[in-house]
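Following: one structure in structure tokens, then a few remarks.
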Amino acid sequence: GDDHAVLSNFVINDGVPSVTVTLNYNEEGVEDVVVNGELNAVISTMEALTTNAPAETDARHFGGWYYDAECTQAVGETDALLASIVLYAKYLYPATISFETDGADPIEAISVWTGVAIENMPENPSKPGYIFRYWLDENADEFVPANGVTGSCTLYAYFEELPVGSTKEEALEIQLE
């Protein structure tokens with residue numbers, strides 16, 4: 001017999017294989033938008049994704065299109081459109097990070113957006129006789145700025161006491177560990 005592939009989940013528009021992309025706004029009362037895309041097109045370059053992006057406000061920013069409703073799998077820069085798909089809008093919301101410095105000089109709270117890496121972390125606190133190690137979150141876990149936040153929170157400075165009589169050089173060596 002003849003060897004041939006059977007493609008499904010697409011239609012031919014003007015002689016070009018085409019699939020649908022459903023844009024789900026992840027918001028009650030807002031209807032999905034369905035657009036046609038050319039089979040094998042690079043998704044991130046589709047004009048329809050830009051023209052149908054949700055409007056940004058002071059209360060929220062658009063954080064990109066995702067393959068899953070939980071917005072954990074972002075559309076990659078080079079991902080190709082291989083079948084009809086649903087994409088979900090991710091939103092970023094304003095949040096405030098406050099800092100408890102455990103006796104070091106106070107640090108002003110910072111404003112950030114949820115769901116993205118924190119790039120404006122303040123300088124680490126210092127206090128005599130101690131080495132700052134890292135920030136702890138409200139669950140006493142080490143805070144990783146690259147992971148961002150899900151809402152407003154307080155971070156707590158974690159220090160280690162220097163051995164009594166440490167020289168500046170020894171303190172620097174301990175800090176670099």
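Just so it is clear, the values below take in all heavy atoms, side chains as well, and ignore hydrogens, waters and symmetry mates.
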* How far apart are the closest heavy atoms of Ala104 and Pro125, and which atoms are they? -> CB-CB, 3.8 Å

* Drop me the distance from Thr101's OG1 to Leu155's CG, to the nearest 0.5 angstrom. => 12.0 Å

* **Partner residues of Phe159 under the ring pair (Phe, Tyr, Trp, His ring centres under 6.0 Å) criterion, sequence neighbours left out** => Phe132

* Qualifying ring-ring contact (aromatic ring centres under 6.0 Å, His included) pairs, either residue in residues 76-102, two or more places apart -> Phe99-Trp135

* Which atom of Gly151 lies closest to which atom of Ala95, heavy atoms considered -> C-CB, 3.6 Å

* Asked: Which pair of non-hydrogen atoms, one from Met46 and one from Gly37, has the smallest distance, and what is that distance?
  -> CE-CA, 3.9 Å

Could you go through residues 48-55 and list every donor-acceptor pair under 3.5 Å that involves a side-chain atom there, pairing it with any protein atom two or more places apart or in another chain?
unit_1, atom_1, unit_2, atom_2, d
Thr51, OG1, Glu47, O, 3.3
Thr51, OG1, Ala48, O, 3.4
Asn52, ND2, Ala48, O, 2.8

* In chain order, what residues pass the side-chain contact (heavy atoms from CB on, under 4.5 Å) check against Ala109, with sequence neighbours excluded? -> Thr96, Ser98

* Asked: Is there a path from Tyr25 to Phe62 through hydrophobic residues (I, L, V, M, F, W, Y) whose side chains come within less than 4.5 Å of each other?
  -> yes

* After noting the C-alpha distance and the side-chain angles of Asn26 and Tyr66, does the key distance pass the side-chain hydrogen bond (donor to acceptor under 3.5 Å, both in side chains) rule? -> CA-CA 11 Å; Asn26 254 342; Tyr66 285 72; over 6 Å; no

* In chain order, what residues pass the salt bridge (charged side-chain N to carboxylate O under 4.0 Å, His left out) check against Asp102, with sequence neighbours excluded? -> Lys127

* Asked: About how many Å separate CZ of Phe143 and CD1 of Ile118, when rounded to the nearest 0.5 Å?
  -> 5.0 Å

* **Side-chain heavy-atom pair Ile85, Val21 within 4.5 angstrom cut-off** => yes

* **Contacts of type side-chain contact (heavy atoms from CB on, under 4.5 Å), residue Asn40, not counting sequence neighbours** => Leu82

* To do: Would you give the length of the straight line joining atom OG1 of Thr154 to atom CD of Glu138, rounded to the nearest 0.5 angstrom?
  => 5.0 Å

* Verify the cluster assignment for Ile107 and Val112: are they in a single hydrophobic cluster under the rule of side-chain heavy atoms below 4.5 Å apart? => yes

* Exam field: side chain Thr22 to backbone Val86, donor-acceptor pair closer than 3.5 Å -> no

* To do: Check whether Leu92 and Leu23 end up in the same hydrophobic cluster, where Ile, Leu, Val, Met, Phe, Trp and Tyr are linked by side-chain heavy atoms less than 4.5 Å apart.
  => no

* From Ile43 CD1 over to Leu87 CG, what is the distance, rounded to the nearest 0.5 angstrom? -> 6.0 Å

* To do: Supply the atom-to-atom distance Leu81 CG to Thr20 OG1, rounded to the nearest 0.5 angstrom.
  => 8.5 Å

* To do: Return each pair, listed once, that meets salt bridge (charged side-chain N to carboxylate O under 4.0 Å, His left out) where at least one residue sits in residues 48-71; pairs must be two or more places apart or across chains.
  => Glu27-Arg60

* List for me each residue that meets ring pair (Phe, Tyr, Trp, His ring centres under 6.0 Å) alongside Trp113, sequence neighbours excluded, and say none if there are none. => His61

* Structure fact -> All heavy atoms of Val75 vs all of Tyr67, minimum pair found to be CA-CE1, 3.7 Å

* Supply the atom-to-atom distance Asn124 CG to Arg133 CZ, rounded to the nearest 0.5 angstrom. => 11.5 Å

* To do: List for me each residue that meets side-chain contact (heavy atoms from CB on, under 4.5 Å) alongside Thr78, sequence neighbours excluded, and say none if there are none.
  => none

* Structure fact -> Between Leu39 and Ala83 the two heavy atoms that sit nearest each other are CD1-N, 4.4 Å

* **Pairing residues for Tyr130 by the ring pair (Phe, Tyr, Trp, His ring centres under 6.0 Å) criterion, not counting sequence neighbours** => none

* Asked: For Tyr158, what residues pass the ring pair (Phe, Tyr, Trp, His ring centres under 6.0 Å) criterion, not counting sequence neighbours?
  -> Tyr134

* Sequence neighbours left out, what passes side-chain contact (heavy atoms from CB on, under 4.5 Å) with Asp141? Give chain and number order. => Asp137, Asn139

* Structure fact -> Heavy-atom closest pair (Val42 atom, Glu77 atom, distance to 0.1 Å) is CG1-O, 3.3 Å

